[in-house]
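Working notes for the structure below.
Worth knowing before you read on, the calculation uses all heavy atoms, side chains too, and leaves out hydrogens, waters and symmetry mates. Keep in mind that what you see is a predicted model, and the values were worked out from it rather than measured. Letters A, B, ... are given to chains in the order of the sequence lines, protein chains preceding strands, and every chain is numbered from 1.
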2 protein chains.
Amino acid sequence: MVAVKSGKLSASLEDYLEAIFNLAGESNVAHSKDIAELLDVSRSSVTGALRILKKKGLANYRPYDSVTLTGAGRAAAAEVVQKHNILKSFLVNILGVDVDIAQRAACKAEHTLGPEVIARLLCFIEFVTRSSKNGYDLADEFKQFCKNKLQDNRV
Amino acid sequence: MVAVKSGKLSASLEDYLEAIFNLAGESNVAHSKDIAELLDVSRSSVTGALRILKKKGLANYRPYDSVTLTGAGRAAAAEVVQKHNILKSFLVNILGVDVDIAQRAACKAEHTLGPEVIARLLCFIEFVTRSSKNGYDLADEFKQFCKNKLQDNRV
DNA sequence: TGACAAAGTTAGGCAAGGCTAACTATACTG
DNA sequence: CAGTATAGTTAGCCTTGCCTAACTTTGTCA
């Protein structure tokens, strides 16, 4: 019974997980300092978060050492990252939202949308991809449509 | 200079505004008790929130009296409500998400998505409506596509 | 090898937002 | 009009999550 699914994680903790996941990459380890910089947070806040993640069985952490994620931690992080990517892809590739704005929006919404919504969003992306292969470029059609509309309304 | 645009509101305060707006309806007034019930929060939390909304010039509030929104408050609330409705409409009518799940998702995401994203989402809804008038029922096509997909993945 | 810089931790504090319990005001009803 | 139920408020507390300042550990290099 290693990986207790201890309830939902806060948005903040998910951010830390995501940061560690992204920083770790191949090497598998992340450093407090980099986490702090990535999340724009003080080093002491990182220390606090790591202790909580450890307690929840999501991170391997010992004072003054670098961090790795446990299996459960990696799974949880991967889920968040996946949500992020799906959201961003939808926003950029289908809605045509500016990349930076989409990035920021995805960073927030990734914590609020449940699996049902994310699954359908992913499905929708596939649907659009499929239809573009079949000769109907929905995203592009929409971009045209949207350009006029948004122009009218000065948004 | 009545309506100071005093920075962004927290998700919590937006929830209170939205609740008051929805409860007020025609009558224009809302009662603490109903706000508390709607938001599933204690009455004392409502009192605290109302004092803040008053301070921000968003609510007309006097102890032991019912609440109304100021012009600025109504505008801010309407914006949140609009985001909510756009999101919910997208989730239900295009993605085919279950109504209750969509409702809950919209309640959260309404606080995190900026005007650029919302504007495009609205535009997308119009786009889909338009194309259905032109004989291509995109939402329905997607529902078919999705049904198979999601079945396969047991989501 | 020892001194210094960089990384990490600890202590203490703050703000937001929620809670319960106890109190006050209001309003309804006999 | 008195008494009680209901609505609203206040006081005091808790949790989350962040901060700064001061301290400790680690690692590097002269």
Side-chain angles (χ1 to χ4, degrees), chain A residues 6-20 23-24 27-69 73 76-77 80 104 107-108 110-112, chain B residues 6-20 23-24 27-69 73 76-77 80 104 107-108 110-112:
Chain A
S6 41
K8 282 281 140 263
L9 292 166
S10 68
S12 170
L13 286 181
E14 284 189 352
D15 278 335
Y16 283 104
L17 276 183
E18 196 181 7
I20 298 168
L23 287 169
S27 72
N28 209 27
V29 308
H31 296 271
S32 251
K33 193 206 164 210
D34 302 320
I35 300 171
E37 275 168 14
L38 188 59
L39 296 181
D40 196 26
V41 130
S42 75
R43 283 173 335 229
S44 69
S45 295
V46 176
T47 302
L50 293 182
R51 296 211 282 147
I52 295 170
L53 291 178
K54 182 207 176 97
K55 197 176 306 171
K56 287 183 183 290
L58 299 171
N60 302 116
Y61 160 73
R62 269 180 336 188
Y64 297 103
D65 203 358
S66 49
V67 207
T68 63
L69 294 176
V80 176
R104 279 193 294 270
C107 275
K108 304 214 157 178
E110 70 196 10
H111 307 299
T112 69
Chain B
S6 42
K8 282 278 139 265
L9 292 166
S10 68
S12 169
L13 286 182
E14 285 189 352
D15 279 335
Y16 283 105
L17 276 183
E18 197 182 7
I20 298 169
L23 287 170
S27 72
N28 209 27
V29 309
H31 296 271
S32 252
K33 193 206 164 207
D34 302 320
I35 302 171
E37 273 168 17
L38 188 59
L39 296 181
D40 197 25
V41 129
S42 75
R43 279 164 327 183
S44 69
S45 296
V46 176
T47 301
L50 292 182
R51 297 213 280 146
I52 295 170
L53 289 178
K54 182 206 174 97
K55 199 176 305 171
K56 288 184 183 291
L58 299 171
N60 302 116
Y61 161 72
R62 269 179 337 189
Y64 296 102
D65 203 358
S66 50
V67 207
T68 64
L69 293 177
V80 176
R104 279 194 293 271
C107 275
K108 304 214 161 180
E110 70 196 11
H111 307 298
T112 68

Original post:
Once you round to the nearest 0.5 Å, how far does CG of B:N28 lie from CG of B:L69?
Top reply: 7.5 Å

Original post:
So how far is it from A:K55 NZ to A:R51 CZ, rounded to the nearest 0.5 Å?
Top reply: 7.0 Å

Original post:
How is B:V46 classified with respect to the nucleic acid when contacts are heavy atoms under 4.0 Å: base, sugar-phosphate, or nothing?
Top reply: nothing

**OP:** Please identify each residue that fulfils salt bridge (Lys or Arg N to Asp or Glu O under 4.0 Å) with A:D34, with sequence neighbours left out.
**Re:** none

Subject >> Residue list, salt bridge (Lys or Arg N to Asp or Glu O under 4.0 Å) with B:K54, at least two apart or on another chain >> reply: none

Distances under 3.5 Å between protein N/O atoms and the N/O atoms of nucleotides 20-27 of chain D, please, pair by pair.
from: D:dT20; atom 1: O4; to: A:S44; atom 2: OG; distance (Å): 2.7

Return all side-chain donor-acceptor pairs below 3.5 angstrom for residues 11-19 of chain B, not counting sequence neighbours, or 'none' if the list is empty.
from: B:E14; atom 1: OE1; to: B:H111; atom 2: ND1; distance (Å): 2.6
from: B:D15; atom 1: OD1; to: B:H111; atom 2: NE2; distance (Å): 2.8

Original post:
Mind checking which nucleotides bracket the chain A contacts on DNA chain C, 5' to 3', with an atom under 4.0 Å from a heavy atom?
Top reply: C:dA7 to C:dT10

Subject >> Atom-to-atom span, CD1 of B:I52 to P of D:dT10 - whole angstrom >> reply: 13 Å

Subject >> Nearest-angstrom distance from the residue atom NZ of A:K56 to C1' of D:dG17 >> reply: 14 Å

**OP:** Under the side chain to side chain donor-acceptor pair (under 3.5 Å) rule, collect the residues that match up with B:T112, sequence neighbours excluded.
**Re:** none

Subject >> side chain to side chain donor-acceptor pair (under 3.5 Å) against B:T47, all qualifying residues, sequence neighbours excluded >> reply: none

Nearest heavy-atom pair of [X] and [Y]: which atoms, and what distance?
{"X": "A:S45", "Y": "A:V41", "result": "CB-CG1, 3.5 Å"}
{"X": "B:N60", "Y": "B:V67", "result": "O-CG1, 3.5 Å"}
{"X": "A:A24", "Y": "A:A30", "result": "N-CB, 4.5 Å"}

Subject >> Between the first and last five pairs of the helix from C:dT1-D:dA30 to C:dG30-D:dC1, the angle of the axes, rounded to 10 degrees >> reply: 10°

Original post:
By side-chain contact (heavy atoms from CB on, under 4.5 Å), which residues pair with A:A36, not counting sequence neighbours?
Top reply: A:R43, A:V46

Subject >> Under the side-chain contact (heavy atoms from CB on, under 4.5 Å) test, residues paired with B:S66 that sit two or more places apart >> reply: B:V29, B:H31

Original post:
Going by number, which of residues 12-20 of chain A have a non-hydrogen atom under 4.0 Å from DNA chain D?
Top reply: A:S12, A:Y16

Subject >> Side-chain heavy-atom pair A:L9, A:L58 within 4.5 angstrom cut-off >> reply: yes

Original post:
Of the residues in residues 27-35 of chain A, which ones touch DNA chain C at a heavy-atom distance under 4.0 Å?
Top reply: A:H31, A:S32, A:K33

